[in-house]
Amino acid sequence: MTTTVRVPEERSARVPAEQRGPGRDRDSVRLLVSCGTEVSHHAFVELPRRLRAGDLLIVNTSPTLAAAVDGRIGHARVVVHFSTRGDDGRWAVELRDPDGRGTTRARAGGPAGTEVRLAGDVRLVLEEPLTPYGSRLWWGRVSDPDVLGLLRRDGRPIRYSYTQRDQPLSVYQTVFALPSADGSGSAEMPSAARPFTARLVAELVSRGVQFAPITLHTGVASAEAHEPPYPERYEVPEASARLINAARAGEGRILAVGTTAVRAVESAADTGGVVRARKGWTDLVVTPERGVRVVDGLLTGLHEPEASHLLMLEAIAGRAAIERSYGEALSGLYLWHEFGDVHLILPEEGPHAERCSSNYR
């Protein structure tokens, strides 16, 4: 979305919602609801009343890894962000410089042959850029093949400068996160699901809302350059494919929780929108030109105006609706980023907007 709008620094959520005051929980965030260009403001705990029986939420079960590890290149300190494990055992990594405030800043990638010393005399050697189009992420080979063990032992969650302090890994796990068979996970939290609590999930189920789990292991975001997403591992299981196809055939709306869920399920769909059980790598980038074939709506965080994710939002809701929503979010003093407020995009239904704003009790 090309725009001159900038998000003021004070609109960044610096700590999780449950740390902002007594009696607060993860679901103590705000919910912006848009349906076309109609926008309304709610608390996230009202989500069950914005949905209805038969709606299907697609949720990402990928756990978050402690993907940031300290290292040295010669005498210089660096931080390695482990992004994605390749099929050949190499890892896509991003090297960043410590900024002296407990977070990091971007640095030039490479060159090939760069050796990073990690804890325990482990060595990481950069081999080649992940793609020919940029140098931020590099394929690197680690001397100890048990990289996931290294992350468990010496890693910490990736943290960016807009946050106030380090947080334990548990803060970056969503209620839907499940251990994967091989220990894989996401370099960064699938954060749209963070406000869900077990209590809220139980209320949604009691109201007839269904859940379809998928897995997409997210790589390291492009925090400064807002590059399009790189290929990521995903899996849509057979049971979830059946749930999604049944909802499409019935009256339910298919709502993805997070852009990762959109990427996964759209990657598993044929041109007619029928979803098949599938797993592997996806390089799909959802744009307005490509459109969406499966999802009707989306629950997502608030993205920077330059973020490539906004193209996906436009593909679902249209540019006018997204511009109106983001204008409302800015004027309404919503909070951005992984600990911030969330945006529910619902489909327009019929010639009148009253069904968009109806309270389904």
Side-chain angles (χ1 to χ4, degrees), residues 1-2 34-36 51-52 54-62 84 87 130-133 176 186 190 192-193 209-219 227-300 303 307-322 343-351 355-356:
M1 184 165 69
T2 304
S34 64
C35 184
L51 304 181
R52 59 179 186 240
D55 284 345
L56 179 69
L57 296 181
I58 304 172
V59 296
N60 189 354
T61 64
S62 178
T84 305
D87 293 334
L130 184 65
T131 75
Y133 312 112
F176 303 111
S186 289
V209 175
Q210 300 184 85
F211 291 83
I214 58 86
T215 301
L216 185 138
H217 297 315
T218 66
E227 301 159 354
Y230 289 93
E232 294 166 318
R233 288 182 180 274
Y234 81 104
E235 179 176 4
V236 176
E238 178 65 38
S240 293
R242 288 199 302 268
L243 278 171
I244 293 165
N245 291 330
R248 289 187 75 247
E251 296 289 322
R253 298 173 296 185
I254 300 172
L255 308 173
V257 177
T259 57
T260 62
V262 177
R263 193 181 203 197
V265 74
E266 292 288 331
S267 297
D270 64 21
T271 55
V274 176
V275 177
R276 310 292 186 191
R278 191 167 295 173
K279 64 180 178 179
W281 291 88
T282 176
D283 59 1
L284 176 65
V285 178
V286 178
T287 64
E289 292 73 28
R290 189 268 186 190
V292 289
R293 299 165 180 169
V294 180
V295 300
D296 300 308
L298 172 64
L299 179 73
T300 183
H303 305 281
S308 61
H309 290 310
L310 284 174
L311 293 175
M312 180 186 291
L313 271 61
E314 288 184 24
I316 295 170
R319 180 166 185 163
I322 299 305
H343 179 198
L344 175 62
I345 300 171
L346 292 175
E348 292 185 277
E349 300 177 41
R355 293 189 67 186
C356 294

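Each residue takes its place number in the sequence, starting with 1.
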Mind checking what makes salt bridge (Lys or Arg N to Asp or Glu O under 4.0 Å) contact with D296, not counting sequence neighbours? none
side-chain contact (heavy atoms from CB on, under 4.5 Å) filter on R290, not counting sequence neighbours, yields E266, L284, T287, R293
Contacts satisfying side chain to side chain donor-acceptor pair (under 3.5 Å) that involve residues 271-280 (not counting sequence neighbours) are none
Any heavy-atom pair between the side chains of R319 and E314 that's under 4.5 Å? yes
Out of curiosity, I58 CD1 to L299 CG, how far, rounded to the nearest 0.5 Å? 12.5 Å
Non-neighbouring partners of Y234 that pass ring-ring contact (aromatic ring centres under 6.0 Å, His included), sequence neighbours left out: none
Taken in chain and number order and not counting sequence neighbours, the residues that satisfy side chain to side chain donor-acceptor pair (under 3.5 Å) with D55 are R253
Minimum side-chain heavy-atom gap L56-L255 below 4.5 Å: no
All heavy atoms of G291 vs all of A315, minimum pair found to be CA-CB, 4.3 Å
Taking all non-hydrogen atoms of both residues, which atom of A212 and which atom of I244 are closest, and how far apart? CB-CG1, 4.2 Å
Check side chain to side chain donor-acceptor pair (under 3.5 Å) between D87 and all other residues, then give those that pass, not counting sequence neighbours. R233, W281
Taking the side chain as C-beta and beyond, is there a heavy-atom pair between S62 and L216 under 4.5 Å? no
Indicate yes or no: at least one non-hydrogen side-chain atom of V275 is less than 4.5 angstrom from one of D270. no
Restricting to non-hydrogen atoms, name the atom on V236 and the atom on A264 that form the minimum distance, rounded to 0.1 Å. CG2-O, 3.8 Å
Is it the case that the side chain of E232 and the backbone of G219 share a donor-acceptor pair, with hydrogens and angles ignored and the cut-off at 3.5 Å? yes
Which atom names give the shortest non-hydrogen contact between P213 and S240, and what distance separates them? O-OG, 2.6 Å
Residues which pass side chain to side chain donor-acceptor pair (under 3.5 Å) with T260, listed by chain and number, not counting sequence neighbours: N60
Check whether the side chains of T61 and T215 place a donor and an acceptor atom closer than 3.5 Å, and report yes or no. yes
Close side-chain approach of I214 to V59, heavy-atom, < 4.5 Å: no
Just to verify, what does E238 make a salt bridge (Lys or Arg N to Asp or Glu O under 4.0 Å) with, not counting sequence neighbours? R242
Is Q210 close to L57 at the side-chain level, that is, under 4.5 Å between some pair of heavy atoms? no
Less than 4.5 Å apart, side chain to side chain, heavy atoms only: is that true for T282 and R263? yes
Side chain to side chain donor-acceptor pair (under 3.5 Å) involving T84 - partner list, sequence neighbours excluded: none
Taking every non-hydrogen atom, the tightest pair across S186 and T218: OG-N, 2.9 Å
Those residues at least two apart in sequence (or on a different chain) that pass side-chain contact (heavy atoms from CB on, under 4.5 Å) with I316 are V262, V292, V295, L298, M312, I345
Side chains of T300 and H343: any donor to acceptor distance under 3.5 Å? no
Using side-chain contact (heavy atoms from CB on, under 4.5 Å) as the criterion, list what pairs up with A321, not counting sequence neighbours. A317
Closest non-hydrogen atoms of F211 and L243, given as atom of the first, atom of the second and distance, are O-CD1, 3.6 Å
Got a sec, which residues hit salt bridge (Lys or Arg N to Asp or Glu O under 4.0 Å) with R248, two or more places apart in sequence or on another chain? none
